Amino acid sequence: MDVSDLIDPLNPAQREAVTAPLGHALVLAGAGSGKTRVLTHRAAWLVRVEGATPWNLLAVTFTNKAAAEMRGRIEQLLGLSGSGMWVGTFHGLSHRLLRLHWQEAGLPQGFQILDSEDQRRLVKRVMRDLEVDENRWPVRQLQGFINARKDAGERPEDLDTGDPYSGQMARVYTAYESACRSAGVVDFAELMLRTVEMLQNHLELLGHYRRRFRHVLVDEFQDTNGIQYEWLKLLAGPESDVFIVGDDDQSIYGWRGARVENLQRFREDYSNTRVLRLEQNYRSTSTILEAANTLIARNSDRLGKKLWTEGEQGEPIALYAAFNEQDEARFVVERLMAMVEEYGLARRDIAILYRSNAQSRTFEEALLARRIPYRVYGGLRFFERAEIKDALAYLRLIANRDDSAALERIINTPTRGIGNRTLEAIRLAARDQDVSLWAAARGLVENRGVLPARAANSLRAFLELIDGLAAESADLDLADRLETVLERSGLRGHVGKDRSERAQDKLENLDELITAARSFEQDATIEEGMDTLTAFLAHAALEAGEGQAGAWEDCVQLMTLHSAKGLEFPVVFLAGLEEGLFPHRMSVEEPGRLEEERRLAYVGITRARQRLLITYAERRRLHGRDEFGIASRFIRELPPGLIDEVRARFSVTGPDAAGGGLGDGVIPEAEFNLGERVQHSRFGEGVVLDCEGSGPNARIQVNFDEVGAKWLVAAYANLERA
DNA sequence: GTGATGAACCAACCT
DNA sequence: GGTTCATCAC
């Protein structure tokens with residue numbers, strides 16, 4: 001069998017990993033070392049050389065994007081459809097198992113998935129029912145608590161309820177579980193935990209999957225949490241080989257329960273694990289790599305890995321100290337424009353990375369002003385938009401009348417005369433009789449005189465609307481069904497009722513939803529045991545979709561450091577490297593969290609292939625107030641020799657130098673900071689506002705006290721410090 | 001019961 | 001700076 005196409009593109013270390021004998025393997029793969037390539041080639045190797053069938057393979061990742069890429073690449077290598085191969089995210093695969101075995105899992109057949117927002121609303125509802133003071137017990141905190149417990153594999157009965165604090169938390173957790181049960185919904189963490197419990201309690205199922213999945217492959221292992229680790233240990237039986245890939249230096253999800261120790265634990269739990277290291281970097285210049293290595297070397301408890309490259313030294317890392325965040329954005333945009341215009345770089349090859357989503361705004365404004373196409377990743381995603389979730393809530397209710405979370409969302413959207421009083425009466429009845437809101441509402445409508453006539457009529461109309469929609473759209477395909485729902489419910493009219501731009505956007509989103517439904521029905525492979533509607537709703541919850549719909553253009557890419565993991569760009573701007581912002585002020589106290597911030601910086605630096613430009617702002621408007629920033633410690637932790645400070649202080653050179661070439665030596669005559677007070681012989685005193693260019697041709701803008709703002713050619717202006 | 005207005009809160013982000 | 005939520009006038 002000719003496997004040269006599998007082996008030839010690999011370097012010796014990669015080859016060793018791909019062709020390792022059967023058995024457990026842990027591949028410690030540094031940034032840009034060809035991690036995904038090793039994983040996909042290993043999968044193909046197992047099928048083509050070791051005689052496995054795709055049916056024997058289970059490949060797990062964290063994001064849908066990574067899963068889709070992995071599947072595509074394996075199928076390409078195998079030259080046949082990888083049908084029968086299970087490739088997906090932890091949550092996606094768990095969902096699949098639960099759909100197939102809903103009875104064993106103790107779930108209703110049509111169970112639905114709650115996203116984080118749905119979950120928060122439900123926790124809030126439960127807390128109100130329990131009369132828990134939301135000021136003392138913030139909803140988000142309880143939500144976080146519940147998820148953390150589930151991620152650790154703990155149910156309410158596993159908790160220590162000795163003190164009042166724990167008792168209260170456990171009480172909410174218990175009530176939340178019961179609300180989920182009666183509504184037939186599961187949250188993300190529940191997908192994992194429920195699957196684990198199902199396999200533990202049904203040994204025949206466990207045996208079946210263990211016999212089937214002889215080869216388990218896991219990507220980004222450093223991001224696994226407790227329950228995901230349990231999940232893997234269950235599904236990979238004693239006869240299975242587990243091949244995991246990870247990088248402890250890129251563990252950046254500790255704050256949501258990821259346990260980097262799982263890498264070590266794996267070595268202990270799986271005896272005879274072959275440990276392999278991929279340390280040759282193919283991505284970055286040696287300058288960029290050395291900077292990354294120096295930075296990350298400060299962290300303690302690393303598994304130890306030193307990346308090296310045969311690549312060129314490349315250009316130094318540029319550092320720009322901006323006056324404020326507008327100046328920072330101006331610098332970034334001017335630089336990237338120059339790269340596009342002068343070097344013919346594609347816009348999509350340039351990324352602007354930042355610590356938090358809120359920072360994107362200034363860059364968007366600067367790009368917009370210069371009419372440069374850009375694309376922001378992250379932020380509110382398509383299926384998370386309010387109007388989309390409203391539409392989906394109708395579908396959820398049609399699929400399952402007991403979905404009380406969906407009912408609460410839309411019972412009065414659009415407004416139909418069912419206000420808080422009526423809803424409160426429904427809740428009360430539901431609690432009393434221990435039934436869903438739907439059942440309680442039906443009871444109230446049927447018993448004359450319980451509700452005021454007007455409220456009863458409105459409520460009856462609502463119940464009939466939903467039943468009617470369900471009945472008359474049952475035979476329609478998904479897109480037509482949605483169309484019917486949008487029209488008959490009045491949601492479309494409600495959403496587009498004013499003629500604002502926002503309302504137009506929302507209408508377009510609803511149209512886009514119909515398009516999404518149509519293409520889902522045509523293209524998606526619907527899993528066994530699921531009707532199309534349920535499958536579409538699960539798809540919406542599990543894959544929230546990109547933030548921006550529309551055609552792929554050649555766009556500058558904006559995203560947070562977290563979402564940049566796994567990607568690479570020829571040019572990277574790393575913005576906002578200030579103490580308090582990055583590292584985030586919440587993280588500097590605890591050494592562990594600071595190290596995670598440093599890993600995040602490491603991830604950012606190693607995204608760059610050719611050029612890395614770092615910026616920070618000396619002043620920044622944060623939470624509505626002006627704050628002074630100093631350069632991030634991460635800048636100071638880079639080797640100074642690799643950094644070229646662009647214009648922390650810009651130099652103004654005298655007229656003599658104007659005619660001479662660079663070789664003649666440009667003599668800086670003065671340096672000014674933006675914001676500094678200067679003196680001009682004719683215009684008097686003023687403040688430096690801006691500067692364009694550098695050297696003899698630099699122009700400088702000064703806001704003079706007497707005559708206002710003026711642009712001056714710095715070389716001839718003879719400015720002096722005031 | 002509805003819709004507008006202002007205070008309070010929040011801010012990493014994938015499933 | 002934006003969004004959500006409570007409050008208030010109608």
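All figures in this text were calculated on a predicted structure; none of them were measured in a lab.
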So, is Thr422(A) close to the dG1(B) phosphate, meaning a side-chain N or O under 4.0 Å from OP1 or OP2? yes

Return the residues of residues 403-419 of chain A meeting this criterion: a heavy atom under 4.0 Å from some atom of DNA chain B. Order them by number, or give none. Asn412(A), Thr415(A), Arg416(A), Gly417(A), Gly419(A)

Is Arg256(A) touching bases, backbone alone, or none of the nucleic acid, heavy atoms closer than 4.0 Å? base

Using a cut-off of 4.0 Å on non-hydrogen atoms, how would the nucleic acid contact of Glu597(A) be classed: base, sugar-phosphate, or nothing? base

Could you walk me through whether Gln222(A) and Glu220(A) pass side-chain hydrogen bond (donor to acceptor under 3.5 Å, both in side chains), step by step? CA-CA 5 Å; Gln222(A) 75 282 354; Glu220(A) 307 274 16; 2.7 Å; yes

Taking side chain to side chain contact (heavy atoms under 4.5 Å, CB included) as the definition, give me every residue that meets it alongside Ser360(A), ordered by chain and number, with sequence neighbours left out. Tyr354(A), Glu364(A), Val376(A), Leu558(A)

Under the side chain to side chain donor-acceptor pair (under 3.5 Å) rule, collect the residues that match up with Asn357(A), sequence neighbours excluded. none

Can you tell whether the side chains of Arg330(A) and Asp327(A) come within less than 4.0 Å, N to carboxylate O? yes

Which residues in residues 113-136 of chain A have at least one heavy atom lying under 4.0 Å from any atom of DNA chain C? Lys124(A), Arg128(A)

Under the salt bridge (Lys or Arg N to Asp or Glu O under 4.0 Å) definition, can you give me all pairs with a residue in residues 412-421 of chain A, not counting sequence neighbours? none

Those residues that, when tested against His494(A), pass ring pair (Phe, Tyr, Trp, His ring centres under 6.0 Å) (two or more places apart): none

Regarding Glu578(A) and Arg620(A), does a basic nitrogen lie under 4.0 Å from an acidic carboxylate oxygen? yes

Residue closer to the 5' end of DNA chain B, His584(A) versus Phe188(A) (nearest nucleotide): His584(A)

Do Tyr394(A) and Arg396(A) pass the side-chain hydrogen bond (donor to acceptor under 3.5 Å, both in side chains) test, and can you show the C-alpha distance, the side-chain angles, and the key distance before you say yes or no? CA-CA 5 Å; Tyr394(A) 277 96; Arg396(A) 271 167 62 180; over 6 Å; no

Looking only at the side chains, is there a donor atom on one of Thr195(A) and Trp231(A) sitting less than 3.5 Å from an acceptor on the other? no

Does Arg381(A) place a side-chain N or O at less than 4.0 Å from the phosphate oxygens OP1/OP2 of dT15(B)? yes

If I take atom CZ in residue Phe383(A) and atom P in nucleotide dC14(B), what distance separates them, rounded to the nearest angstrom? 16 Å

Separation of Gln228(A) atom CD from dC14(B) atom P, in whole Å? 15 Å

Closer than 4.0 Å, any side-chain N/O of Arg355(A) to the OP1 or OP2 of dA11(B)? no

Starting from the 5' end of DNA chain B, give me the residue, Ile252(A) or Ala455(A), whose nearest nucleotide shows up first. Ala455(A)

Between N or O atoms, less than 3.5 Å apart, protein on one side and nucleotides 6-8 of chain B on the other: list the pairs.
none

Is the Phe520(A) ring parallel, tilted or perpendicular to the His539(A) ring (thresholds 30°, 60°)? tilted

Set of side chain to side chain contact (heavy atoms under 4.5 Å, CB included) partners for Val139(A), sequence neighbours left out: Arg120(A), Val123(A), Lys124(A), Met127(A), Glu134(A)

Would you say a side-chain N or O of Asn420(A) is under 4.0 Å from OP1 or OP2 of dG1(B)? no

Interatomic distance, Phe536(A) atom CZ to Leu513(A) atom CG [nearest 0.5 angstrom]: 5.0 Å

Just to be sure I follow the notation: if a pair is Watson-Crick (purine N1 to pyrimidine N3 plus N6-O4 or O6-N4) or a G-U wobble (N1-O2 and O6-N3), each under 3.5 Å, what dot-bracket string does DNA chain B give, with | for pairs to another strand? ||||||||||.....

Please write out the pairs of protein N or O atoms and N or O atoms of nucleotides 8-10 of chain C separated by less than 3.5 Å, giving the distance to one decimal.
none

Taking side chain to side chain contact (heavy atoms under 4.5 Å, CB included) as the test, write out the residues that go with Arg361(A), two or more places apart. Glu365(A)

What residues, two or more places apart in sequence or in another chain, satisfy side chain to side chain contact (heavy atoms under 4.5 Å, CB included) together with Ala29(A)? Val27(A), Ser33(A), Lys35(A), Val245(A), Leu278(A)

Mind checking whether Phe111(A) and Trp102(A) have ring centres under 6.0 Å apart? no

Run the salt-bridge test on Arg155(A) and Glu177(A) with the 4.0 Å N-O cut-off and return the result as yes or no. yes

